[in-house]
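All figures in this text were calculated on a predicted structure; none of them were measured in a lab. Atoms within each ligand, like the ligands themselves, are counted from 1 in listed order.
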Amino acid sequence: MKTHVKALIVGGGAVGTSIAYHLARAGWADVMLLERDELTSGSTWHAAGLLPLFNMNYATTHIHKYSVDFYKALEAETGLNAGFSVVGNLRMAQTQARMDEYMLYATTAETAEVPYEWMTPAQIKERWPLVRTEDLKGAIYHPTDGYINPADVTMAMAKGARQRGVIIERKWQVDGYEWTGSEWHVTVTKMVEKGGNLVASDETAVIVAEHVVTATGNHAQRTANLLGIKIPAIPVEHQFIVTEPDPALVEYRKTYGEHPVLRDADAKWYVREERGGWILGPYERNAPARFAYGVPDSFRADLFPLDLERIEEEYMSMIHRIPSSETVGLKDDYNGPICYTPDGNPLVGPAPGLRNMWLAEGFSFGITAAGGTGYYLAQMMVEGEAEIDMASLDPKRYGPWMTTEYAVTKNEECYEHVYILHHPDEERPAARPLRTAPVYDRQKALGAQFGQVNGWERPNYYAPAGFDDHDARSFRRGGWWQYAVDEAKAIREGVGLIDATAFSKHIVKGPGATQFLDWFTCNKLPKVGRINLTYALTLAGTTRTEYTIVRRAEDAYYLVSAGAWTAYDADYLRKAAEDKAPEFGYIEIQDVTSQFGVFAIAGPKARDVLNKVIRDADPATALTNKRFPWLSARRIELGMCPVDAIRVAYTGELGWELHHPIEMQTYLWDLLMEAGAEHGLKLVGARAQNWLRQEKSYRAFGTELGRDATPAEADLPRFIDLGKEFHGKDAMVQTGVRSTCCTLLIDGPEDADPWGREALYLEDGTKVGRLTSGGYSVAFEKSIGMGYVRPDLAVEGQKLKVKMFDQLWDAVVTCDSPYDPKNETIRKDG
Ligand SMILES: Cc1cc2nc3c(=O)[nH]c(=O)nc-3n(C[C@H](O)[C@H](O)[C@H](O)COP(=O)(O)OP(=O)(O)OC[C@H]3O[C@@H](n4cnc5c(N)ncnc54)[C@H](O)[C@@H]3O)c2cc1C
């Protein structure tokens, strides 16, 4: 067996095989894939093979689209027919809310060139008379997808990989990983058959690999243990049943073609034809997680017993929808482990804390996702970055706080939620509250409705007692909308207090810190006592992280970045500092996220509130522009609480961020609440803040800022210092500007605002970009959004159209920062 390779892929399911194929196609020689058993012997063999294009996640939409196109082309390359039945996919809606969901999805689908059609109940009935339609509102139909034979498509990819030089070794199990500082030493064991079991033999070897990719499916927990990391990929039971031939279907098929894959989302199932009968795949309640601590040796390509009772409701609803299925018996059943993650997206990208170790784990739609995952992961490995932003799939979106019980609880919830209405303002209830700031109980008592960010509970908005956030969700303006309007107005007109404790916070210090950060980020470093907004770039010159940098001393910095991305930011920062320490000197990195709480106080009266509680030799001047100018940072004392205050406000109003010791948080909260009472201090949540920052054109990480656009494309020239050398600079300059970020004011529907996923058009119907954020502007009393368009269109006054609810609505590109473009209110003295 070959023992030195450039890349070693562990796992021969659909995902690993596709990665091997695409690495070879991207030009890497010396790629090897190891499979402990036979190819496809994991979850891949028992998948139903459906390839749904429908997905609410932007990156995954691209991944699925790539797979569907790729699988169609695979036969020409390999000569193997993977059995792709392009029967289409009919996703039915029983309610208007479900149609709203499809319309939101459809506008995103347009941004990824995914074709779809709308169908009325009458059109469905006419084409597929076996389907009952009188209780349907309509459906979205994808003509280009369908289903495939999972084993055959994997074998076709394996053949394609071999044709491109990939070595595939079966019956070799990876049992250990050791990083030497420059390469991986991977210990492998030959597996042998013994009495129907697969057991380890005495034959072992060590494979030296520059890069390793794990695609170990249900074995992810064993992989995590071997690597010494946590991976929240734990399978859940998933069943499908196959019926005997349905005489009505058999008769119908004598004249007509095959039914599309049918999905009755409100009834939580998919159905497709199978040899004259039907396959029913439900996403039922109470499906248990399995193998939380690893797959037992005795479990090979095995299945669990069918639990018919658990899927009775879905079974009955299939009979309702396809009445002819009532009398047909069951022929076969499958109940297999299907891997899940807490948010349902797979984990694709660099492993936390490790070098040249890539994860491709936790796939619940792994047949659909395999092709695209291989393509985009190979881009990341070979070119340094993928052409789409893969952050939403990054394994580091869960931090060290993530435990097995959390993953089990959330994965079970995620399975059950596959077919719930995916409101953009959805907040899932399981495993909560988990990470709470000390003021959580106080906020709750005051009506806070929380969202979960990176495990943290963060107020989204505040509502009166008895208000139910669940009932308030909508694809249009939810029941919470007016509360967010009132909160946003309070900041524009009075004063508001926002809890921003979830922010990621890092201290970077030491003799190498200044040179390092100067190289690591694209803006000039601030002077001592000042702050700057800056960006760390990827190798491809796109935005990896946005930082507010506070310079506390010549070689001591405090970095604040987005709350959702603590482990993601920490990993990149640490690895870069480790690489650069020999050149720049010792650099210490501390993640202090949990040590400091943050309150943001903002609004014209913010200074008045703080003046009441600041302790200073001259309190009257402590917060004036002279002593505390905009974009500076100072240690102040509020009552007995030491506060590292930063004069900056993400809402674009006069304000300060108050970074305080977490153990003094309730003290500070009470102090501010009391001082604020006479000024009408209002508690404000994340939703109002998100609207307000769009009025200021402040880009947000994860929406406008990500790995698919450079800071130049984000149109942030004032934060890029082209006079210095920094990581990613050459690539950023070479990339040029493919599309440009801009802010739009929108005359949308009366009852809805955009969510930041909508397609943008010219008046003549030419597609020219997409929104990345959306919401409501209290300053302009209409919808607002931010997004990317063709550079020539990102000019003030340009008229565009936004696709919402299947209609085009007027929009106009504004100047940058349409509210207070000269930053006069932020700079107000007092
Ligand atoms: C009943 C059911 C129906 C499904 N239907 C669909 C569907 O219609 N459409 C869809 O897209 N998805 C479907 N899925 C999900 C799909 O099966 C999985 O997402 C997909 O197969 C995952 O592929 P994978 O390559 O990640 O994992 P796997 O197929 O499980 O492959 C992982 C491989 O890694 C090997 N391995 C593990 N550890 C080691 C090691 N240490 N050394 C060497 N080899 C190792 C295993 O032996 C295994 O072969 C279904 C799942 C179930 C259970």
Listed by chain and number, what are the side-chain hydrogen bond (donor to acceptor under 3.5 Å, both in side chains) partners of D246, not counting sequence neighbours? W278, S324
Could you please spell out the steps behind the salt bridge (charged side-chain N to carboxylate O under 4.0 Å, His left out) verdict for R272 and E258? CA-CA 9 Å; R272 75 162 168 87; E258 185 170 344; 5.5 Å; no
Six-ring centre of Y256, R127 cation under 6.0 angstrom, axis tolerance 45°: no
For the residue pair R25 and Y375, establish whether any side-chain heavy-atom pair is separated by less than 4.5 Å. yes
Under 3.5 Å: N or O atoms of ligand 1 paired with protein N or O:
residue  : atom   : partner : partner atom : Å
ligand 1 : 5 (N)  : A48     : N            : 2.9
ligand 1 : 8 (O)  : G49     : N            : 3.0
ligand 1 : 8 (O)  : L50     : N            : 2.8
ligand 1 : 9 (N)  : L50     : O            : 2.9
ligand 1 : 11 (O) : F365    : O            : 3.4
ligand 1 : 11 (O) : I367    : N            : 3.1
ligand 1 : 11 (O) : T368    : N            : 2.9
ligand 1 : 11 (O) : T368    : OG1          : 2.7
ligand 1 : 17 (O) : S43     : O            : 3.2
ligand 1 : 19 (O) : F363    : O            : 2.8
ligand 1 : 19 (O) : G366    : N            : 2.8
ligand 1 : 21 (O) : T44     : N            : 3.1
ligand 1 : 21 (O) : T44     : OG1          : 3.0
ligand 1 : 23 (O) : T44     : OG1          : 3.4
ligand 1 : 25 (O) : A14     : N            : 3.3
ligand 1 : 25 (O) : V15     : N            : 3.0
ligand 1 : 29 (O) : S43     : N            : 3.3
ligand 1 : 29 (O) : T44     : N            : 2.9
ligand 1 : 29 (O) : T44     : OG1          : 2.5
ligand 1 : 30 (O) : S43     : N            : 2.8
ligand 1 : 41 (N) : V174    : O            : 3.1
ligand 1 : 42 (N) : V174    : N            : 3.0
ligand 1 : 44 (N) : R36     : N            : 3.0
ligand 1 : 47 (O) : E35     : OE2          : 2.6
ligand 1 : 49 (O) : E35     : OE1          : 2.7
ligand 1 : 49 (O) : E35     : OE2          : 3.2
ligand 1 : 49 (O) : G42     : N            : 3.4

Take a 6.0 Å sphere around CE of M316 and say whether it holds more than 12 heavy atoms from other residues, nucleotides or ligands. no
Mind checking whether Y334 and F240 have parallel, tilted or perpendicular rings, split at 30° and 60°? parallel
